[in-house]
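Since the structure is predicted, the reported quantities are computational estimates derived from the model, not experimental observations. Side chains included, hydrogens not; waters and symmetry mates left out as well; all remaining heavy atoms used. As the structure lists them, so they are numbered: ligands from 1, and atoms in each ligand from 1.
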Amino acid sequence: MSDHYAVIGNPIEHSKSPAIHAAFATQTGEDVVYGRLLGDLDDFAGDVRRFFSEGGRGLNVTVPFKEQAWRLADERSPRAEIAGAVNTLIPLKDSRVRGDNTDGVGLVRDLTHNHGCPLAGARILLLGAGGASRGVLRPLLEAKPARLTIANRTASKAADLAVTVASLGEVTGCGLDQLGGQRFDLIINGTAAGLKGEAPPVPEDVLSDGGWCYDMMYGDQPTAFVRWGLEHGASKAMDGLGMLVEQAAESFLLWRGVRPETASVIRQLRG
Ligand code: ATR
C-alpha cells in the first residue's frame with residue numbers, strides 16, 4: 001500500500017504541494033500518495049492527531065498553522081526552533097511528532113544551486129520581521145554572509161529578531177527608514193507588502209550595482225518586488241517559486257531519504 005502524506009492549511013485548494021510531490025514520486029519511483037487537508041481553524045491539533053493515527057507518514061504545514069505546528073511538535077530541529085514555525089511534521093514512536101522547517105534551506109538552495117548566487121561574504125538585507133523572515137534566518141546565517149541586516153517597517157521587531165540570532169553571525173536589525181547610505185549585494189523580501197501589490201519602501205540606492213533581489217512570494221506575473229529590483233539595476237530579480245519547490249524537496253528528503261531533482265519540476269510549474 002502507498003504511504004500517505006498531505007499538506008494541511010486553511011485555505012488549501014490552491015496549494016501547489018500535491019503537484020510538486022506527485023512529480024517527485026514519479027521521478028524517484030517512491031510509492032507515495034500526497035493530498036490536501038483543509039485544517040479546522042479551531043482544531044488543528046485534532047486534525048494532525050487523526051492523520052497520523054490513521055497511518056499518515058508525514059505532513060507539510062502551511063498558513064495559518066505553522067506556529068501551532070511548532071507548539072504541537074514533541075521535538076524540533078534546531079532550525080525549526082529558531083524559526084518559531086514548523087512546515088514539516090514527521091511521526092515518531094509512541095504518537096510523538098517531530099517538527100522541522102525546510103523553508104530556509106529551500107531559500108538557500110534556490111539562491112545558491114539554482115541561481116548561482118554567492119551568499120558567503122555577501123552583504124544581505126532581509127526585509128520584514130514576520131514569520132517568513134524568521135523562518136529563513138538560521139540557514140541564511142549558516143551560509144556565512146559578511147553581514148545580515150534585518151529591516152522592518154516596525155524597527156523594534158527587526159531589532160528583537162536580530163538579538164535572537166546574534167550568536168550565529170554578524171546580524172543587526174533596524175527600520176526600513178534607517179537604511180539610508182547602506183548598500184547590499186542581495187535583498188530578500190520577506191514582508192507581506194506584496195499581498196497589496198506593493199514593494200516595501202526602501203531607499204532607491206540600497207541595492208549595490210549589479211546586486212540581486214529575491215522575493216519569497218511568487219505569482220504568474222513578476223511580483224512588485226521583482227519589478228522593483230529590475231527597475232533599480234538588479235542583475236537578477238527572482239521570485240519564490242524555486243524556494244517553494246526546494247522546501248518541498250527537503251521535506252521529501254526528510255521523509256523518504258531520497259533527494260528529488262528540482263529543476264524540471266520548477267520548469268513544469270512555470271509552465
Ligand atoms: P508572515 O508571518 O507571513 O511573515 P506577518 O507575521 O504578519 O506575516 O509579517 C508580515 C511582515 O510584513 C511584517 O514584517 C510587516 O511589518 P510590521 O512588522 O511593521 O507589521 C511586513 N509588512 C506588511 N505589510 C507591509 C508593507 N505594506 N510595507 C512594508 N512591510 C510590510
Subject >> Residue Gly131 vicinity, atoms of ligand 1 by number, heavy atom under 4.0 Å >> reply: 1 (P), 2 (O), 4 (O), 6 (O)
Subject >> Cation over ring face, Arg76 and Trp70, 6.0 Å, 45° >> reply: yes
Subject >> Closest to atom 29 (C) of ligand 1 among Val202, Asn189, Leu176 (heavy-atom distance) >> reply: Leu176
Original post:
Under 3.5 Å, N or O to N or O, is Glu67 touching ligand 1 that way?
Top reply: no
**OP:** Evaluate the 4.0 Å heavy atom contact test for atom 12 (O) of ligand 1: does a protein atom fall under the cut-off?
**Re:** yes
Subject >> Proximal ligand 1 atoms for Glu198, defined as those under 4.0 Å from one of its heavy atoms >> reply: 27 (N)
Original post:
If you measure from each non-hydrogen atom of Arg153 to ligand 1, which part falls under 4.0 Å: side chain, backbone, both or neither?
Top reply: both
Original post:
Under 3.5 Å between some N or O of ligand 1 and some N or O of Ala132?
Top reply: yes
Original post:
Is there a donor in the side chain of Asp100 and an acceptor in the side chain of Ser77, or the other way round, less than 3.5 Å apart?
Top reply: yes
Subject >> Non-hydrogen side-chain atoms of Leu37 and Leu59 separated by less than 4.5 Å >> reply: yes
Original post:
Short N/O distance, under 3.5 Å, between Ala192 and ligand 1?
Top reply: yes
Original post:
Considering distance alone, does some N or O of Ser133 sit under 3.5 Å from an N or O of ligand 1?
Top reply: no
Subject >> Under 4.0 Å to a heavy atom of Gly128 - the qualifying atoms of ligand 1, by number >> reply: 14 (O)
**OP:** Taking Asn60 for its side chain and Asn87 for its backbone only, find out whether a donor-acceptor pair lies under 3.5 Å.
**Re:** yes
**OP:** Taking all heavy atoms of Tyr218 and all of Leu241, pick out the closest pair and write down the distance.
**Re:** CB-N, 3.5 Å
**OP:** Could you check if a side-chain atom of Glu142 sits within less than 4.5 angstrom of a side-chain atom of Val108, using non-hydrogen atoms only?
**Re:** no
**OP:** Indicate whether the side chain of Asp110 and that of Tyr214 have a donor and an acceptor atom separated by less than 3.5 Å.
**Re:** yes
Original post:
Any N/O of Asn152 closer than 3.5 Å to an N/O of ligand 1?
Top reply: yes
**OP:** Please check if a non-hydrogen protein atom sits closer than 4.0 Å to atom 27 (N) of ligand 1.
**Re:** yes
**OP:** May I ask you to check if ligand 1 and Pro200 share an N or O to N or O distance below 3.5 Å?
**Re:** no
Original post:
With only distance considered, is Ala129 within less than 3.5 Å of ligand 1 through an N or O on each side?
Top reply: yes
Original post:
Going by the angle between their ring planes, with limits at 30° and 60°, are Phe252 and Phe24 parallel, tilted or perpendicular?
Top reply: perpendicular
**OP:** Starting from atom 9 (O) of ligand 1, locate the nearest protein heavy atom and write down its residue, its atom name and how far away it is, to 0.1 Å.
**Re:** Gly130 CA, 3.5 Å
Original post:
Mind checking whether Phe225 and Trp228 have ring centres under 6.0 Å apart?
Top reply: yes
